Amino acid sequence: MPTPHNSAAPGDYAPAVLMPGDPRRARRIAETLFDDARLVNEVRGMEAYTGTVGGRAISVMGSGMGLPTMTIYATELFREYGVRRIIRVGTSGGYQDDMALGDVIIATAAHTDSAINDPRIPGVRFAPAASYPLLRAAADAAERAGTPARIGSVYSSDHFYLARPGLHEGLRDHGVLGVDMETAALYAVAAAEGREALTVLTVTDHMFREEAMPPEDRENGFAAAAAIAIEAAFS
């Protein structure tokens, strides 16, 4: 049934939903990668579409920026709309020295500086992780496509601009691949709801080099990650 944040009717969402942060990117995915896409939600400007790829139903919806909005939308999709799988398709700052712009990160787990998951299991520092069937399917899809992909943990930050000396260096030195702002929330919600989740990110900036993708290249790199996510969604 509709929620305060989602006007879609029962059955409007497919079992698998792609979830970029930007609702305009959700529209772009629907228009360029889906067949017969139709708008199913635009409450608060958070557009969602359902269509088909190769005759199979799939949806896409924006999540907004940050862990709280991801928590709200993912919970409602899983709990109220019967969605089984959510795959976040987003962008990341890369940490590792040998990473290049355009590399794809498939996130096994998510560290975070946020307290958003602390109340879930009192006394436990819950470690949100990806769903292995989706993780394996995405890795296989990247290999078949010849897309450079890194598989490992990411860091979901509560802050975009706050300077914290030594933080990113410590994460890099512990093998973390990149930083986003949503994955730790998505993985925790999926675990709590008994559903599946995965994040596939495109490296658009490097955290230790003055490198950033221009806008046109961001769109091309994003398409590769979206293709991996779609194949994994149907696995």
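These numbers come from a predicted model, not from an experiment.
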Asker: Are Val200 and Val176 joined in one hydrophobic group, where the rule is that I, L, V, M, F, W and Y side chains link up if heavy atoms are under 4.5 Å apart?
Answerer: no
Asker: Does a side-chain heavy-atom distance below 4.5 Å link Arg28 with Leu33?
Answerer: no
Asker: Answer yes or no: is there a side-chain heavy-atom contact under 4.5 Å between Arg88 and Leu201?
Answerer: yes
Asker: Do Ser7 and Asn41 have side-chain N/O donor and acceptor atoms under 3.5 Å apart?
Answerer: yes
Asker: Using the rule that two of Ile, Leu, Val, Met, Phe, Trp, Tyr join whenever any of their side-chain heavy atoms come within less than 4.5 Å, decide whether Ile86 and Tyr132 are in one cluster.
Answerer: yes
Asker: Think Arg25 forms a cation-pi with Phe222, using NZ or CZ under 6.0 Å from the six-ring centre and within 45 degrees of its axis?
Answerer: yes
Asker: A quick test of your reading: do over 12 heavy atoms of other residues, nucleotides or ligands sit less than 6.0 Å from CZ of Arg38?
Answerer: yes
Asker: Please list all pairs passing the side chain to side chain donor-acceptor pair (under 3.5 Å) test where one or both residues lie in residues 139-148, with sequence neighbours left out.
Answerer: Arg144-Glu231
Asker: Side-chain heavy atoms under 4.5 angstrom apart, residues restricted to Ile, Leu, Val, Met, Phe, Trp, Tyr: same cluster for Ile72 and Met61?
Answerer: no
Asker: Rounded to the nearest 0.5 Å, how far apart are CG of Leu186 and CG of Leu198?
Answerer: 8.5 Å
Asker: Output yes when Asp113 and Arg164 qualify as a salt bridge under the 4.0 Å nitrogen-oxygen rule, no when they do not.
Answerer: yes
Asker: May I ask you to test the Ile106-Leu135 pair for a side-chain heavy-atom distance under 4.5 Å?
Answerer: yes
Asker: Take Thr3 and Asn6, measure what side-chain hydrogen bond (donor to acceptor under 3.5 Å, both in side chains) needs, and give me the verdict at the end.
Answerer: CA-CA 5 Å; Thr3 75; Asn6 203 317; 5.4 Å; no
Asker: Not counting sequence neighbours, which residues clear ring pair (Phe, Tyr, Trp, His ring centres under 6.0 Å) with Tyr155? List them please.
Answerer: none
Asker: Determine whether more than 12 heavy atoms belonging to other residues, nucleotides or ligands lie under 6.0 Å from atom CE of Met65.
Answerer: no
Asker: Run Thr71 and Ile116 through side chain to side chain contact (heavy atoms under 4.5 Å, CB included) and show every step you take.
Answerer: CA-CA 9 Å; Thr71 297; Ile116 196 167; 3.4 Å; yes
Asker: Count I, L, V, M, F, W, Y as connected when their side-chain heavy atoms are under 4.5 Å apart, and connections chain through other members. Are Leu18 and Phe78 then in the same cluster?
Answerer: yes
Asker: Give a yes or no on whether a salt bridge exists between Arg27 and Asp22, defined as a side-chain N under 4.0 angstrom from a carboxylate O.
Answerer: no
Asker: For the side chain of Arg195 and the backbone of Val83, is there at least one donor-acceptor N/O pair under 3.5 Å apart?
Answerer: yes
Asker: Taking atom OG of Ser114 and atom CE of Met181, what is their separation to the nearest 0.5 Å?
Answerer: 9.5 Å
Asker: Could you see if Met207 belongs to whatever hydrophobic cluster contains Ile105? Use Ile, Leu, Val, Met, Phe, Trp, Tyr and a side-chain cutoff under 4.5 Å.
Answerer: no
Asker: Judged by modelled atom types alone, do His168 and Tyr95 share a side-chain donor-acceptor pair under 3.5 Å?
Answerer: yes
Asker: So Glu76 and His5, do their side chains get closer than 4.5 Å, heavy atoms only?
Answerer: yes
Asker: Can you tell me how far the CG atom of Leu162 sits from the OG atom of Ser157, to the nearest 0.5 Å?
Answerer: 8.0 Å
Asker: Taking all heavy atoms of Ala138 and all of Ala232, pick out the closest pair and write down the distance.
Answerer: N-CB, 3.8 Å
Asker: For Phe208, does the six-membered ring have the charged nitrogen or CZ of Arg172 within the cation-pi criterion, i.e. under 6.0 angstrom from the centroid and within 45° of the normal?
Answerer: yes
Asker: Please report the shortest heavy-atom distance between Ala130 and Ala107, naming the atom on each side.
Answerer: CB-O, 3.3 Å
Asker: Identify which one of Leu39, Asp36, Ile29, Asp12 satisfies the side chain to side chain contact (heavy atoms under 4.5 Å, CB included) criterion when paired with Tyr49.
Answerer: Leu39
Asker: Taking all heavy atoms of Ile58 and all of Ala233, pick out the closest pair and write down the distance.
Answerer: CD1-CB, 4.1 Å
Asker: Once rounded to the nearest 0.5 Å, what's the spacing between atom CE of Met46 and atom OG1 of Thr69?
Answerer: 6.5 Å
Asker: Ignoring hydrogens and geometry, is there a side-chain-to-backbone donor-acceptor pair from Ser131 to Ala197 under 3.5 Å?
Answerer: yes
Asker: Report the C-alpha distance between Asp205 and Glu211 in whole Å, list the side-chain angles of each, state the deciding distance to 0.1 Å, and finish with yes or no for side chain to side chain contact (heavy atoms under 4.5 Å, CB included).
Answerer: CA-CA 6 Å; Asp205 306 86; Glu211 297 177 2; over 6 Å; no
Asker: Is there a side-chain contact between Thr108 and Ile151, using heavy atoms and a 4.5 Å cut-off?
Answerer: yes
Asker: Could you check Arg85 against Ser235 for side-chain hydrogen bond (donor to acceptor under 3.5 Å, both in side chains), going step by step and ending with a plain yes or no?
Answerer: CA-CA 11 Å; Arg85 292 176 158 181; Ser235 63; 3.3 Å; yes
Asker: Do you know the tightest heavy-atom contact between Ala48 and Tyr13?
Answerer: CB-OH, 3.4 Å
Asker: Can you confirm whether more than 12 heavy atoms, excluding those of Glu193, are under 6.0 Å from its CD atom?
Answerer: yes
Asker: Once you round to the nearest 0.5 Å, how far does CD of Gln96 lie from CG of Asp103?
Answerer: 11.5 Å
Asker: Looking only at non-hydrogen atoms, find the nearest pair between Tyr81 and Ala8 and report the distance.
Answerer: OH-O, 2.9 Å
Asker: Any chance you could measure His174, atom NE2, to Ser153, atom OG, to the nearest 0.5 Å?
Answerer: 10.5 Å
Asker: More than 12 non-hydrogen atoms from neighbouring residues, nucleotides or ligands closer than 6.0 Å to CZ on Arg209, yes or no?
Answerer: yes
Asker: What are the two closest heavy atoms between Gly152 and Leu177, and how far apart are they?
Answerer: N-CD1, 3.3 Å
Asker: Applying side chain to side chain donor-acceptor pair (under 3.5 Å) as the test, list every pair that has at least one member in residues 55-65; sequence neighbours left out.
Answerer: Thr50-Ser59
Asker: Do you see a donor-acceptor pair shorter than 3.5 Å between the side chains of Ser156 and His111?
Answerer: no
Asker: Go through the steps for Arg125 and Asn117 under the test side chain to side chain contact (heavy atoms under 4.5 Å, CB included), then give the verdict.
Answerer: CA-CA 8 Å; Arg125 295 287 186 180; Asn117 292 326; over 6 Å; no
Asker: After noting the C-alpha distance and the side-chain angles of Arg150 and Asp98, does the key distance pass the side chain to side chain contact (heavy atoms under 4.5 Å, CB included) rule?
Answerer: CA-CA 11 Å; Arg150 302 290 296 268; Asp98 60 348; 3.0 Å; yes
Asker: Check whether any side-chain heavy atom of Ile87 lies under 4.5 Å from a side-chain heavy atom of Thr199, and answer yes or no.
Answerer: no
Asker: Is any side-chain heavy atom of Val154 less than 4.5 Å from a side-chain heavy atom of Val179?
Answerer: no
